[in-house]
Amino acid sequence: MTSLRALHILFVLFQLVHSENVGWKSYLAEDPTEFHDIPLVWEDPTPVPSWLSGTYVRNGPGQISFGSPRRVLTSWLEGFAKLHSFKLSGSNVLFSGAMLRSPNYVASVEAGELVPQITLNKFSSDDEEWTWWEKMKIVYKMFTGDESGNNNPALWRIGHQDDGIYLAVTDAKVATRFNISDLSTLGQEYPPTYPFTLNGCAHWMREPGTDNSIYFNFKKGFTGPPWVEVLRYRPESTFQTPEVIGTFKPTKFSYMHSFSITEHFAVFLFYPVKIDPKRYPESNFHVFELFDGSNKTDTTDIFVVNLSNGDVKGPFPSDWVYSAHHINAYENTAAEIILDMIPTPFENMREYLKMENMLNPPSEGTKEAEISTTEHFEVTRYKINIDTGDVTTNTFPNTINSKFINNFDFPTINEDYRGQAYCYAYGLSAYAYSRTALVKKNVCNPEEDKVWYTENHYLSEMHFLPQPGGSAEDDGTLITIGFDGPREQSYLLLMDAKTFTPINKAYLPHNIPWSAHGMHFPEANLPAEKTSKKMQDKQEL
């Protein structure tokens, strides 16, 4: 009898170990709760790097509904933005969270239902669609710049380091400014009224060797086709007063989420994937319903802009491709630029993050479970000759025989190597939504590739914190957010970037749902006495 009971217990434990997607749905739960400066406790006595400092901020969905069963957002990607911050001072960490209070978010909370605005995906039923009068309100908001205003999923700083302008940004034209200390919303940052600004870009770039920010917009006059302005924000610039580096007319009005930068150039890939703003009304103002990348014979056209004088080279045609995220680029010779990027199916922007898909991952053993977020596409290197216009591509060998290593997204690097020759990229690989692994890709020597995976733990984008005085490119610590499925609890995770093994983790008193991006702001240091006082209070409790 005792043996049977023991076998039963072992069987139950086996089932738990091999259960699929444990706690996954809890990982996608809304949580608009606001809280401030909660001290965290590390799970293990292993010391964390004493040099850790600055503030790490995540930007991701926090709320998709407002009480009414109608007009619940159907894509997790467009959940209204919530910021979570971690103020770092050696082993001391203070944890905060707050919703961004954009005009449409505040109005929706007050109304108890989503107010008229542009969304990414359509509603669950036709009965919920905007009325004629509500569509007129959206058109009016397009002229005032408030047609969206939900700045999930990325972050950036312009301005001086000691008086920074901290922004939550997306691919829309308006940013939301916030206070880095308490995460309070300071207001919207609107571009100049004319020429009309058609878009923004979630992934700004730091100009190598400076504190300048490089950015771009599509612009449009009353007549004629749109053009691209490449912009430089110096520390003294405001959101409305950048320097125009150069302008050019692109071959297509592409949907672009990122671009690359080298020491002397900005590099743009104009994909044969576009969203036509003139068709917004026919989609009921659900913009991702307008994604069009159907012409597979079309080319991806590359433009290279000189950051010194604004000279433009291109277009250089290359094969059909779409990418949400570039990794890095650098000048290999005076004529050749190396650019590494991650091709992704453009449909993923609309389909992958639909709530109905995310909440129901495919079962292990099915064909669908063997498809990553990048499908069959692998990390790709572009070699661009800016003199001849020749473009060649190659992928990387999989010497460690891991399905994760060349199929990853959400890349990060040591930012000291931005625009320079480099070796290491760190990313997140996801199969069947919930099979997530962290990867360290060595683009110089793939035999040194590394993967870290834990079953039923759901991981996210990492950020590299360079070790002061470090001599090697991977001397540093990776910081990220994980979710422990069996415990249904989020945690802050530190990884040794060199060995690619965990240093320590701290479980969080408030969960952080799935989020795409974060940013470490090294200049945003919390006064040491405030950190110590908070930690002392925590220990006394």
Side-chain angles (χ1 to χ4, degrees), residues 22-24 26-27 29 31-60 62 82-99 180-183 436 438 452-465 467-468 476-515 518-522 524-541:
V22 175
W24 175 255
S26 296
Y27 184 38
D31 183 10
T33 308
E34 182 169 338
F35 52 91
H36 294 281
D37 291 341
I38 300 175
L40 299 183
V41 177
W42 295 105
E43 190 74 3
D44 192 89
T46 304
V48 303
S50 60
W51 50 263
L52 291 179
S53 61
T55 301
Y56 176 57
V57 185
R58 292 292 296 223
N59 184 2
K82 184 178 183 182
L83 304 182
H84 291 90
S85 72
F86 299 85
K87 298 169 183 174
L88 307 171
S89 180
S91 62
N92 299 328
V93 185
L94 300 182
F95 176 44
S96 301
M99 295 293 297
I180 189 68
S181 179
D182 64 8
L183 304 183
T436 58
L438 300 179
W452 189 77
Y453 175 84
T454 301
E455 184 74 10
N456 290 321
H457 281 236
Y458 313 123
L459 304 166
S460 60
E461 177 195 71
M462 297 172 281
H463 199 90
F464 185 94
L465 311 183
Q467 177 182 326
T477 297
L478 295 159
I479 188 168
T480 187
I481 305 300
F483 187 86
D484 185 327
R487 284 180 58 155
E488 297 190 353
Q489 189 174 3
S490 296
Y491 54 87
L492 179 69
L493 174 65
L494 299 180
M495 299 277 291
D496 184 312
K498 187 176 289 292
T499 63
F500 210 58
T501 55
I503 298 172
N504 215 325
K505 63 184 175 185
Y507 280 94
L508 307 181
H510 297 271
N511 283 340
I512 300 179
W514 185 102
S515 62
M519 181 67 64
H520 177 249
F521 299 101
N525 284 307
L526 183 72
E529 62 274 13
K530 184 174 180 181
T531 309
S532 300
K533 180 64 167 60
K534 288 276 188 179
M535 296 304 297
Q536 182 180 349
D537 292 345
K538 176 73 172 180
Q539 290 168 356
E540 289 175 356
L541 285 172

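What you see is a predicted model; the values in this text were computed from it and never measured.
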Checklist outcome for this item: Rounded to the nearest 0.5 Å, the CH2 atom of Trp452 sits from the CG atom of Leu459 at a distance of 5.5 Å
Item to check | Polar side-chain atom of Asn504 near backbone of Thr46 as donor-acceptor pair, under 3.5 Å | outcome: yes
Next on the checklist: For the CD1 atom of Ile180 and the CG atom of Asn525, what is their distance to the nearest 0.5 Å?
Outcome noted: 11.0 Å
Checklist entry - Can you name the nearest heavy-atom pair linking Val48 to Ser91, along with the distance? => result CG2-CA, 3.4 Å
Next on the checklist: Measuring centre to centre across the rings, with the benzene-like ring taken for any Trp, is Trp514 within less than 6.0 Å of Tyr458?
Outcome noted: no
Item to check | Distance, nearest 0.5 Å, that separates CG of Asp484 from CG of Leu508 | outcome: 11.0 Å
Item to check | Leu183 side, atom CG; Met99 side, atom CE - distance, nearest 0.5 Å | outcome: 12.0 Å
Checklist entry - When you look at Tyr491 and Gln489, which way does the side-chain hydrogen bond (donor to acceptor under 3.5 Å, both in side chains) test go after all the steps? => result CA-CA 7 Å; Tyr491 54 87; Gln489 189 174 3; over 6 Å; no
Next on the checklist: As an exercise, state the distance from CZ of Phe35 to OG of Ser96, rounded to the nearest 0.5 Å.
Outcome noted: 7.0 Å
Checklist entry - With no hydrogens and no angle check, is any side-chain donor or acceptor of Asn511 less than 3.5 Å from a backbone partner on Glu488? => result yes
Checklist entry - What are the two closest non-hydrogen atoms of Thr33 and Lys82, and how far apart are they? => result O-NZ, 2.7 Å
Checklist entry - Which is it for Leu493 and Lys505 under the side-chain contact (heavy atoms from CB on, under 4.5 Å) test, yes or no, and what are the steps along the way? => result CA-CA 4 Å; Leu493 174 65; Lys505 63 184 175 185; 4.2 Å; yes
Item to check | From Trp51 atom CH2 to Thr477 atom OG1, the distance as rounded to the nearest 0.5 Å | outcome: 3.5 Å
Checklist entry - Quick one: are Leu52 and Ile479 in side-chain contact, heavy atoms under 4.5 Å? => result no
Next on the checklist: One pair to check against side-chain contact (heavy atoms from CB on, under 4.5 Å): Leu492 and Trp42. What are the steps and the verdict?
Outcome noted: CA-CA 9 Å; Leu492 179 69; Trp42 295 105; 3.9 Å; yes
Checklist outcome for this item: In Thr55, Asp37, Asn92, the residue satisfying side-chain hydrogen bond (donor to acceptor under 3.5 Å, both in side chains) with Lys87 is Asp37
Item to check | Residues Thr436, Phe483; criterion side-chain contact (heavy atoms from CB on, under 4.5 Å); working and verdict | outcome: CA-CA 11 Å; Thr436 58; Phe483 187 86; over 6 Å; no
Next on the checklist: Check whether Ser50 reaches the backbone of Gly90 with its side chain - one donor and one acceptor, N or O, closer than 3.5 Å.
Outcome noted: no
Item to check | Contact check, side chains of Ser85 and Asp182, non-hydrogen atoms, under 4.5 Å | outcome: no
Checklist entry - Taking the six-membered ring for Trp, are Phe95 and His510 parallel (under 30°), tilted (30 to 60°) or perpendicular (over 60°)? => result tilted
Next on the checklist: side-chain hydrogen bond (donor to acceptor under 3.5 Å, both in side chains), that's the test. Do Glu34 and His36 meet it? Break it down for me.
Outcome noted: CA-CA 7 Å; Glu34 182 169 338; His36 294 281; 2.8 Å; yes
Checklist entry - So, the side chain of Ser490 versus the backbone of Ile512: is there a donor-acceptor pair under 3.5 Å, distance only? => result yes
Next on the checklist: Would the distance check show the side chain of Ser460 and the main-chain N or O of Ser515 forming a donor-acceptor pair, the cut-off being under 3.5 Å?
Outcome noted: no
